[in-house]
Protein chains: 2
Amino acid sequence: MLSMDQFIQVCREKGLNVTYQRMIIYKYLMQSKEHPTAEDIYRRVKEEYPSISLATVYKTLETLAEHQVITKVTALHDLARYDADTSPHHHLVCIHCRRVQDIYNEELNKLPIDLEAIPDFKVQRYRIEFEGICSQCQANLQKKQRA
Amino acid sequence: MLSMDQFIQVCREKGLNVTYQRMIIYKYLMQSKEHPTAEDIYRRVKEEYPSISLATVYKTLETLAEHQVITKVTALHDLARYDADTSPHHHLVCIHCRRVQDIYNEELNKLPIDLEAIPDFKVQRYRIEFEGICSQCQANLQKKQRA
DNA sequence: ATTCTTGCAAACGGTTTGCACATAC
DNA sequence: GTATGTGCAAACCGTTTGCAAGAAT
């Protein structure tokens, strides 16, 4: 999380123009603890700067995420996906082709943490998402590099 | 994962009519290892039963997920959400109000598993999502129960 | 002066909905 | 026979895009 000065500096380093819109969007996102949606941000930021458009909010968020100044929490979940297997297991998500595979591992089903001890939150289940590159995409990428 | 006979039985128990559409959708979902989208399922199932409609696929998947016969892998990710904090941390997702909070815990950043050893997949990072009920929703639910 | 960004409105695409017909029970 | 589910088309809504005007460098 960056101070406003750091934010400006990072934008400069990455060749992003520093605009008022970008600053207030970042400022609000920084203050928020609840991972707001674009719509949430738009509503709040509009109070301070009524002429801002929703499209700008979307574009700004995507730009900042691309440059890794912020994170898109739901990066890999643009489409609803279903699974006939309701038993406990976790997922390997290919950031390239976006396919989702299962991973079964007993160790992963007993995390080294006391779930009861999380304050103010009653955990019912958890899910681990491993992000990476699947074998098929690894092969394709190597092919491309050689070409 | 259920055999076809078990699937039929479970539907009956839950008061769901057993239709040919539901059976082929479940059959395909069961066979698939890649957590297909509704569109994926529609395309494949249409080959076997060309008159099926996309709306039926959506309705069936939602119905089966509600009754916990299948799982919606991306259940909590209907909207894109952003985070100004790019440091390693995990998420508490309230299944009720859908808010997402952070959880910082060093133990969770070193999982008891050899990430290099996952076959055919190069893991770059992972993210744990704890699903449960946040304190605010716990309070609200208790209020409702008393009423 | 040039390049990047904004704001608007229109388009897009995944998902949901209303309703008449068909099917399961 | 009644309740439930299906298929179609239209609506919906979050998100993206094209483009002309404006701002940052």
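Hydrogens, waters and symmetry mates play no part in the numbers below; they use all other heavy atoms, side chains included. A, B, ... follow the sequence lines: proteins, then strands. Residue 1 opens every chain.
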Practice task
Assess the side chains of B:His89 and B:Asp83: does a donor N or O sit below 3.5 Å from an acceptor N or O?
Solution key: yes
Practice task
Return the minimal non-hydrogen interatomic distance between A:Lys27 and A:Glu48, and the atom names on each side.
Solution key: NZ-OE2, 3.2 Å
Exercise for the section: Using atom CZ of B:Phe7 as one end and atom C1' of C:dA24 as the other, report the distance to the nearest whole Å. Expected result: 14 Å
Practice task
Start with the C-alpha distance between B:Tyr58 and B:Glu39, add both sets of side-chain angles, then the distance that settles side chain to side chain donor-acceptor pair (under 3.5 Å), and finish with yes or no.
Solution key: CA-CA 9 Å; B:Tyr58 274 106; B:Glu39 189 69 46; 5.3 Å; no
Check nucleotides 4-10 of chain C for protein N or O atoms closer than 3.5 Å to its own N or O atoms and list the pairs.
| residue | atom | partner | partner atom | Å |
| --- | --- | --- | --- | --- |
| C:dT5 | OP1 | A:Asn17 | N | 3.3 |
| C:dT5 | OP1 | A:Arg22 | NH1 | 2.5 |
| C:dT5 | OP1 | A:Arg22 | NH2 | 2.9 |
| C:dT5 | O5' | A:Arg22 | NH2 | 3.3 |
| C:dT6 | OP1 | A:Thr19 | OG1 | 2.9 |
| C:dT6 | O3' | A:Gln21 | NE2 | 2.8 |
| C:dG7 | OP1 | A:Gln21 | NE2 | 3.1 |
| C:dG7 | OP1 | A:Ser51 | O | 3.4 |
| C:dG7 | OP2 | A:Ser53 | N | 3.4 |
| C:dG7 | OP2 | A:Thr56 | OG1 | 2.9 |
| C:dG7 | O6 | A:Lys59 | NZ | 2.6 |

Problem - Rounded interatomic separation in angstrom, taking OH from B:Tyr42 and C1' from D:dC8 - result: 10 Å
Exercise for the section: Say whether, by atom type as modelled, one donor and one acceptor occur between the side chain of A:Ser32 and the main chain of A:Glu34 under 3.5 angstrom. Expected result: yes
Practice task
Could you state the atom-to-atom distance from CD of B:Glu39 to C1' of C:dG13 in whole Å?
Solution key: 9 Å
Handout entry: Separation of atom CZ in A:Arg43 from atom C1' in D:dC13, rounded to whole Å
Key = 14 Å
Handout entry: Spacing between A:Tyr58 atom OH and D:dG18 atom P, to the nearest angstrom
Key = 18 Å
Problem - Between D:dT15 (P) and B:His77 (NE2): distance, integer Å - result: 13 Å
Exercise for the section: Starting at atom CG of A:Asp78, determine the distance to atom P of D:dC13, rounded to an integer number of angstrom. Expected result: 20 Å
Problem - Interatomic distance where CD belongs to B:Glu62 and P belongs to D:dT6 [whole Å] - result: 14 Å
Practice task
Answer yes if the ring centres of B:Tyr49 and B:Tyr20 are under 6.0 angstrom apart, and no otherwise.
Solution key: yes
Exercise for the section: Ignoring backbone atoms, test whether B:Arg12 places a side-chain nitrogen or oxygen under 4.0 Å from the OP1 or OP2 oxygen of C:dC25. Expected result: yes
Handout entry: 4.5 Å side-chain heavy-atom contact, A:Thr74 and B:Val100
Key = no
